[in-house]
Amino acid sequence: MTRGPIEHIRNFAIVAHIDHGKSTLADRFLEITGLVTKRGAKADLVLDDLDLERERGITIKARAVRMPYEKDGKQYVLNLIDTPGHVDFTYEVSRSLTACEGAILLVDSTQGVEAQTVANAYLAVEADLEIVPALNKLDMQGARPDQVKEEIEAILGIDPETVLSVSAKTGDGARALLDRVITNVPAPVGDPDAPLRALLFDAVYDTYRGVVIYLRLIDGVLKRGDAILLIGADTNYEVTEIGVLAPNRIKVDKLTAGESGYVVASIKSLAEIAIGDTISHYPQPAGVEALPGFRQPQPMVYCGLYPTYPKDFEALRKALQTLVLNDASITFHPETSEALGFGFRCGFLGLLHMEIVQERLERDSDVDLVQTAPNVTYEIVKSDGSVIRVEKPSDVPDPNLIVEFREPIAHCSMIVPHESVGAIMQMATEKRGVYCETQYLSPTRVMLVYDVPLQEIVFDFYDKLKSATRGYGTLDYDIKGYETAHLVRLRILVNGIEVDALSMICHRDTAERRGRRVLASLRKSIPRHLFKVPLQAAIGGKIIARETISAMRKDVTAKCYGGDISRKRKLLEKQKAGKKRMKQVGNVEIPQEAFLSVLGSGDDEGKKKGR
């Protein structure tokens with residue numbers, strides 16, 4: 001890996017909607033620059049090396065790679081970052097873009113401009129990057145390049161004449177796209193003689209070396225043996241190894257301003273670092289301040305994870321600790337449920353993040369998990385004026401102590417076919433959405449913007465969107481803040497005893513309907529006992545819905561052949577008294593299948609696992 005002048009360095013990322021071909025295009029770039037040999041179109045992607053990434057065809061983690069490239073007799077160094085496309089990983093994308101001067105905006109010519117295409121394009125504009133637009137999948141039969149170029153012009157204001165046409169699958173147009181990057185994307189501006197300032201844009205955990213930091217040098221020089229300071233975390237370490245990714249790790253003597261690479265510094269845990277932090281020499285040089293925009297990623301969705309079998313609790317703990325080493329955005333702490341036993345309360349960036357983590361846990365630890373219904377974080381103003389954050393229903397205080405109940409609001413952009421506009425507007429209204437605006441992107445595609453409570457999105461909003469648009473609708477959202485709402489804690493009681501795992505926070509207007517759905521599902525799943533079992537849904541002390549599981553009964557009058565009716569009544573009363581005594585001392589056993597039927601149900605209000 002030769003190091004040329006800073007004028008010959010290009011730092012850029014590829015941004016796009018999910019499944020628009022980012023990682024496939026990155027593979028073609030690796031082949032063109034000679035880092036990997038030419039491979040078949042169906043070969044596994046080099047940068048998407050997780051099993052889940054390859055199975056689902058999505059990018060979960062951003063990946064950086066350094067590529068040598070020759071143009072007009074000059075040797076260039078191209079630093080590429082392949083970013084995720086899903087809304088859950090928006091913060092990771094924004095931090096990656098901060099390490100670049102340009103971005104390839106990739107659009108699928110068969111699907112057109114999607115919601116996250118717009119969101120990622122705006123991120124690139126906010127980061128003041130040079131955008132290089134490109135149309136992908138030109139080799140497919142359903143490609144409609146002319147219409148999609150019109151959408152790009154209408155939505156993003158990009159001149160259609162500047163949009164390049166490529167096929168990431170075949171490699172057609174990929175070399176021309178790299179040439180355009182060199183021509184349009186400016187070289188980094190940095191001073192090698194200034195004090196060290198570097199952006200930490202990603203990190204992974206290595207079993208033998210600890211945390212490996214991926215960084216981009218803004219100013220200065222970094223060498224092996226230097227003492228470095230993570231300004232945001234206020235921790236310092238000694239650099240034991242430094243190198244570049246090509247795509248595997250290659251050791252180098254030093255990194256200078258404008259370059260990207262990796263650093264090993266005997267960091268034992270990912271919890272000690274944070275994406276977006278600023279790195280400088282230790283002690284901190286005078287005048288060096290943290291780069292703007294740094295913040296800790298905040299979990300937005302919470303749920304309980306419990307092992308199906310109690311003996312697997314320690315295995316689940318170890319699996320979570322191992323996973324957190326590679327994904328510091330996960331939070332977890334132990335909790336106990338009377339119904340489900342010992343487990344963990346986990347926080348995630350979003351629904352897809354939650355689903356991926358659960359799958360990885362089950363694969364890595366071979367533990368069967370029960371997942372409670374996902375919840376978002378609420379704010380409650382108590383009568384004493386204090387404000388508390390609530391992550392689960394059992395934390396909600398007594399209703400008499402609550403002055404104000406606030407919920408997070410998501411600013412949603414939905415791009416849908418024009419014939420689905422009516423159905424989507426009705427759906428958004430039913431989900432307590434507030435209309436913001438409508439934009440006609442083309443004669444056949446419309447962008448609807450609504451403010452929708454995040455709790456409604458967590459349940460089944462995305463699935464209904466896909467259903468109403470026959471799979472063509474796309475959703476992107478960001479959290480705009482908390483707003484006051486008429487929320488209540490819905491309690492589920494079985495035989496008069498509250499089942500904490502089935503409690504939920506919901507809007508007062510939908511509480512009765514949700515309660516009836518849960519009780520109907522439980523009634524089908526809980527086996528009959530020798531006594532009558534009442535199932536109740538309550539808000540505070542008020543019962544709003546009830547179902548009853550009838551008792552198993554024996555015909556005690558079967559042997560009364562003839563005789564007075566009073567004899568039969570006496571036997572029935574005796575049976576009734578026995579069942580009353582049994583109810584007082586008997587316990588209702590709720591099988592695991594009952595929890596699964598409620599927590600993983602496929603009805604309108606049930607938790608949706610798939611995205």
Side-chain angles (χ1 to χ4, degrees), residues 88-89 91 203 205 211 232-233 235 267-275 295-380 382 386-397 406-408 454-455 458 479 482 489 491 498-505 595 599-600 607 609:
D88 285 4
F89 309 107
Y91 178 65
Y205 185 80
V211 177
T235 54
I267 305 174
K268 296 180 180 180
S269 170
L270 266 182
E272 298 179 35
I273 62 99
I275 307 302
R295 62 180 173 85
Q296 292 280 3
Q298 292 294 325
M300 293 307 303
V301 176
Y302 292 85
C303 77
L305 291 179
Y306 295 84
T308 303
Y309 305 103
K311 64 182 179 62
D312 292 331
F313 175 75
E314 283 303 321
L316 177 58
R317 181 197 297 273
K318 291 180 181 177
L320 274 168
Q321 290 172 342
T322 303
L323 191 57
V324 167
L325 289 176
N326 283 294
D327 188 351
S329 59
I330 304 169
T331 63
F332 74 96
H333 57 266
E335 70 171 2
T336 305
S337 165
E338 293 181 5
L340 299 176
F342 294 99
F344 294 92
R345 191 74 185 171
C346 303
F348 310 95
L349 298 177
L351 284 180
L352 178 69
H353 190 216
M354 178 182 71
E355 184 185 348
I356 287 170
V357 167
Q358 182 184 359
E359 253 187 88
R360 292 181 68 180
L361 287 173
E362 290 181 336
R363 290 188 185 194
D364 297 344
S365 62
D366 196 25
V367 174
D368 291 330
L369 299 177
V370 176
Q371 176 183 314
T372 63
N375 289 104
V376 300
T377 306
Y378 298 91
E379 288 185 351
I380 292 178
K382 299 175 68 175
S386 62
V387 179
I388 61 172
R389 292 175 70 87
V390 173
E391 299 174 3
K392 56 182 178 179
S394 59
D395 290 340
V396 176
R406 301 170 183 164
E407 63 181 343
L454 184 60
Q455 180 66 37
V458 163
I479 308 304
Y482 287 80
R489 177 189 172 200
R491 302 163 57 226
E498 182 177 347
V499 183
D500 55 350
L502 300 180
S503 298
M504 66 183 75
I505 299 172
F595 288 103
L599 301 177
K607 177 186 71 71
K609 291 179 67 177

Testing the basics here: between [X] and [Y], what is the closest heavy-atom pair and its distance to 0.1 Å?
X: Ser503; Y: Arg489; result: OG-NH2, 4.0 Å
X: Leu369; Y: Gln358; result: CD1-CG, 4.1 Å
X: Arg491; Y: Glu498; result: NE-OE1, 3.1 Å
X: Cys303; Y: Gln371; result: SG-CG, 3.6 Å
X: Pro307; Y: Leu316; result: CD-CD2, 3.8 Å
X: Asn375; Y: Ile505; result: ND2-N, 4.3 Å

pair [X]-[Y]: side-chain heavy atoms closer than 4.5 Å:
X: Glu391; Y: Glu335; value: no
X: Ile330; Y: His353; value: yes
X: Phe348; Y: Ile356; value: no
X: Tyr302; Y: Arg345; value: yes
X: Gln321; Y: Phe332; value: yes
X: Cys346; Y: Val357; value: no

Using the ring centroid of each side chain, check whether Phe313 and Phe344 are separated by less than 6.0 Å.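 Yes, they do, as the ring centres are separated by less than 6.0 Å.
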Those residues at least two apart in sequence (or on a different chain) that pass side chain to side chain donor-acceptor pair (under 3.5 Å) with Glu407 are Arg432
Just verifying a value: how many Å separate [X] [atom1] and [Y] [atom2], rounded to the nearest 0.5 Å?
X: Tyr482; Y: Ile380; atom1: OH; atom2: CD1; value: 11.5 Å
X: Asp312; Y: Asp368; atom1: CG; atom2: CG; value: 7.5 Å
X: Leu320; Y: Leu361; atom1: CG; atom2: CG; value: 5.0 Å
X: Tyr205; Y: Ile267; atom1: OH; atom2: CD1; value: 11.5 Å

Could you check whether atom CZ of Phe342 has more than 12 heavy atoms from other residues, nucleotides or ligands sitting under 6.0 Å from it? no
